Amino acid sequence: MKSYTREDVLRLAREEDIEFIRLQFTDMFGNLKNIAVTASQLERALDNKCMFDGSAIDGYVGIEESDMYLYPDLSTLEIFPWRPQQGKVARMICDIHRPDGTPFAGDPRVVLKKAVKEAAEMGYTFEVGPECEFFLFNTDENAMPTTATHEQAGYFDIGPLDGGENARRDIVMTLEDMGLVIEASHHEMAPAQHEIDLRYDEALAAADNIMTFKLAARTIAKRHGLHATFMPKPKYGVNGSGMHINMSLHRNGRNVFEDEGDVNGLSREAYYFIGGIMKHIKGMAAVTNPLVNSYKRLVPGFAAPVYIAWSAANRSPLIRIPAGSARVELRSPDSAANPYLTLALCLKAGLDGILHETEPPGSVDCNIYTMTDREREALHIENLPGTLIEAVEEMKKDPFISEVLGEHIAGNYIAAKENEWQRYRAHVSEWEIQEYLYRY
């Protein structure tokens, strides 16, 4: 993470000919927003005097308390490589504050910062490496997105089979120009599906990087005549897009999850961390898998977790311990999840496990998908929620989730997701027309 002072930012704006600054923030649902100012207003922005109407953002506030202020995080200053090189465009990611200067409880970034601070008070630094999956689809004659693709490439295929190879390469190069470190990129299982793996970083920077990645991916894809979508399951019959989260806790530069004397190379803290996540994962699901569509990814047969279990030997459970590394990989979050809220919940659930010494059940080292219901029941393997409304009900049953998110976000989030489910229930789909119209 870069360390800029106010004077550094003003100097860079002059030296780099930055004429336009986007003050970015993320709403409760993980959508990136921004207010743009010109260079002449930069000092005002750095003085935290840029205001916006919070009532215009879903889940924020009503019109009677709508004034909100943007507090730029100077370390997030980056120039957009895809904009003009004369009169450049830059961005800073912002926290949201109320007029009295207090952090706004409805800001997801504030929620993560609070969780990170609490971990630091326990002596821990939370490091995260996200694996980001997405689809690159064709656009129509009006440049609107479709779910069509001309390619039929699969896992790890290369060009010319991989029709999105050039776009993916340009996305990676753009991200590196913006200071992100990309560990790997490749074609994923489904046609037009791709993965870009970001190098691990401290939690707040990792969440910022995910939002930067999504913006860059959409922008560069559009330049290639494609649409980058982070919808979890845009097509029936193929794999959906996940956002696997690789996690570790560090103290004084050492990974506290590591214990070479353990059969899995894991410390007691690591096991307790796993136990905490497994304890709260049902309540977390409405955030890690936030859409009606999310639960069409979480079905057997498409390389997505369905069952609450962990293993160091196979990829079918919810939590995997990658070979040769003392880190915990949570496989259920999808590409639509708000990274700030997701990482806050992961961290706090893991810390809750450490505080209460929550032992996880034994590892399940065989393919859970091929087990019978009776076999899974004998091992006390439970299912993740199967629909959004099930996930919302689990969220409501676990007070820990509201404690982490805060009452403001939890209450507004639950209300919004219940409304989303009701709208979905009332919708008559094309599948229903095809299935029932001529029969009945």
Side-chain angles (χ1 to χ4, degrees), residues 1-2 4 6 9 18 20-38 41-63 65-80 83 89-117 130 178-180 201-219 230 287 290 335-345 404-406 408-410 412-413 416:
M1 182 179 291
K2 297 172 183 175
Y4 290 134
R6 186 178 189 277
V9 172
I18 296 172
F20 214 61
I21 301 95
R22 295 188 177 275
L23 305 174
Q24 297 180 339
F25 61 100
T26 300
D27 72 8
M28 181 172 70
F29 306 111
N31 299 307
L32 192 63
K33 307 288 187 178
N34 84 176
I35 301 291
V37 298
T38 60
Q41 299 299 306
L42 179 56
E43 289 195 55
R44 179 168 158 267
L46 297 177
D47 290 335
N48 306 322
K49 292 182 178 178
C50 285
M51 185 178 71
F52 70 99
D53 178 6
S55 68
I57 307 297
D58 287 343
Y60 266 35
V61 290
I63 58 173
E65 51 175 356
S66 59
D67 290 346
M68 294 286 160
Y69 285 83
L70 295 163
Y71 280 47
D73 183 335
L74 306 189
S75 70
T76 64
L77 176 69
E78 291 291 347
I79 296 171
F80 289 154
R83 300 300 293 172
V89 179
R91 74 94 200 269
M92 285 185 287
I93 296 173
C94 301
D95 296 326
I96 310 302
H97 286 240
R98 290 188 176 276
D100 63 3
T102 57
F104 173 48
D107 178 4
R109 199 169 188 264
V110 166
V111 173
L112 178 55
K113 289 175 79 171
K114 179 183 177 185
V116 167
K117 181 181 178 183
M178 297 183 73
L180 277 68
D201 210 331
E202 293 187 14
L204 186 64
D208 288 342
N209 289 345
I210 292 169
M211 296 306 298
T212 300
F213 156 73
K214 288 185 174 184
L215 175 63
R218 290 191 179 106
T219 301
F230 299 94
V287 172
S335 54
N338 182 322
Y340 300 102
L341 300 183
T342 295
L343 295 189
L345 285 170
V404 175
L405 300 182
H408 182 100
I409 286 183
N412 282 287
Y413 193 91

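None of these values were measured; they are calculated from a predicted model.
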*At what distance, to the nearest 0.5 angstrom, does CG of Leu70 lie from CE of Met51?*
10.5 Å
*Starting at CG of Leu405, measure out to CG of Leu112 and round the result to the nearest 0.5 Å.*
11.5 Å
*Could Arg6 and Glu43 be called an ion pair, given the rule that one side-chain N must be under 4.0 Å from one carboxylate O?*
yes
*Locate the shortest heavy-atom distance separating Asn338 from Met28; write the atom from each residue and the value.*
ND2-O, 3.1 Å
*Apply side chain to side chain donor-acceptor pair (under 3.5 Å) to Asp58 and list each qualifying residue two or more places apart in sequence or on a separate chain.*
none
*Test side-chain contact (heavy atoms from CB on, under 4.5 Å) on Val37 and Cys50 and set out the steps.*
CA-CA 9 Å; Val37 298; Cys50 285; 4.0 Å; yes
*asked:* Nearest 0.5 angstrom please: Met68 CE to Phe25 CZ, how far?
replied: 10.5 Å
*asked:* A side-chain contact here means heavy atoms from C-beta on lying under 4.5 Å apart; do Val404 and Lys114 qualify?
replied: no
*How many angstroms lie between CD1 in Ile79 and CZ in Phe20, if you round to the nearest 0.5 Å?*
15.0 Å
*Contacts of Lys113 that satisfy side chain to side chain donor-acceptor pair (under 3.5 Å) - sequence neighbours left out*: Asp95
*Minimum-distance pair of heavy atoms, taken over all atoms of Arg109 and Asp208*: NH2-OD2, 2.8 Å
*Assess whether side-chain contact (heavy atoms from CB on, under 4.5 Å) is satisfied between Met92 and Ile21, documenting all intermediate values.*
CA-CA 7 Å; Met92 285 185 287; Ile21 301 95; 4.1 Å; yes
_How long is the straight-line distance from CG of Leu32 back to CG of Asp27, given to the nearest 0.5 Å?_
9.0 Å
*Atom CZ in Arg22, atom CD in Glu78: separation rounded to 0.5 Å?*
15.5 Å
*Just jot down the side chain to side chain donor-acceptor pair (under 3.5 Å) partners of Thr212, sequence neighbours excluded, or say none.*
Arg91
*Over all atoms of both residues, closest heavy-atom pair of Tyr340 and Ile93*: OH-CG2, 4.2 Å
*What do the steps show when you test Phe52 against Leu23 for side-chain contact (heavy atoms from CB on, under 4.5 Å), and what is the final call?*
CA-CA 11 Å; Phe52 70 99; Leu23 305 174; over 6 Å; no
*Among Phe104, Tyr71, Tyr69, which residue meets the ring pair (Phe, Tyr, Trp, His ring centres under 6.0 Å) test with His97?*
Tyr71
*Let me see the working for Leu215 and Gln24 under side-chain contact (heavy atoms from CB on, under 4.5 Å), right down to the final yes or no.*
CA-CA 11 Å; Leu215 175 63; Gln24 297 180 339; 3.5 Å; yes
*asked:* Taking salt bridge (Lys or Arg N to Asp or Glu O under 4.0 Å) as the definition, give me every residue that meets it alongside Arg44, ordered by chain and number, with sequence neighbours left out.
replied: none
*What's the shortest heavy-atom distance between Pro72 and Cys94, and which atoms?*
CA-SG, 3.7 Å
*Heavy atoms only: give me the nearest Pro99-Asp67 pair and the separation to one decimal.*
CD-O, 3.3 Å
*Of all residues at least two apart in sequence or in a different chain, which pass the side chain to side chain donor-acceptor pair (under 3.5 Å) check with Asn48?*
none
*Which pair of non-hydrogen atoms, one from Val111 and one from Ala105, has the smallest distance, and what is that distance?*
CG2-O, 4.3 Å
*asked:* If the condition is ring-ring contact (aromatic ring centres under 6.0 Å, His included), which residues does Phe213 pass it with, not counting sequence neighbours?
replied: Phe134, Phe230
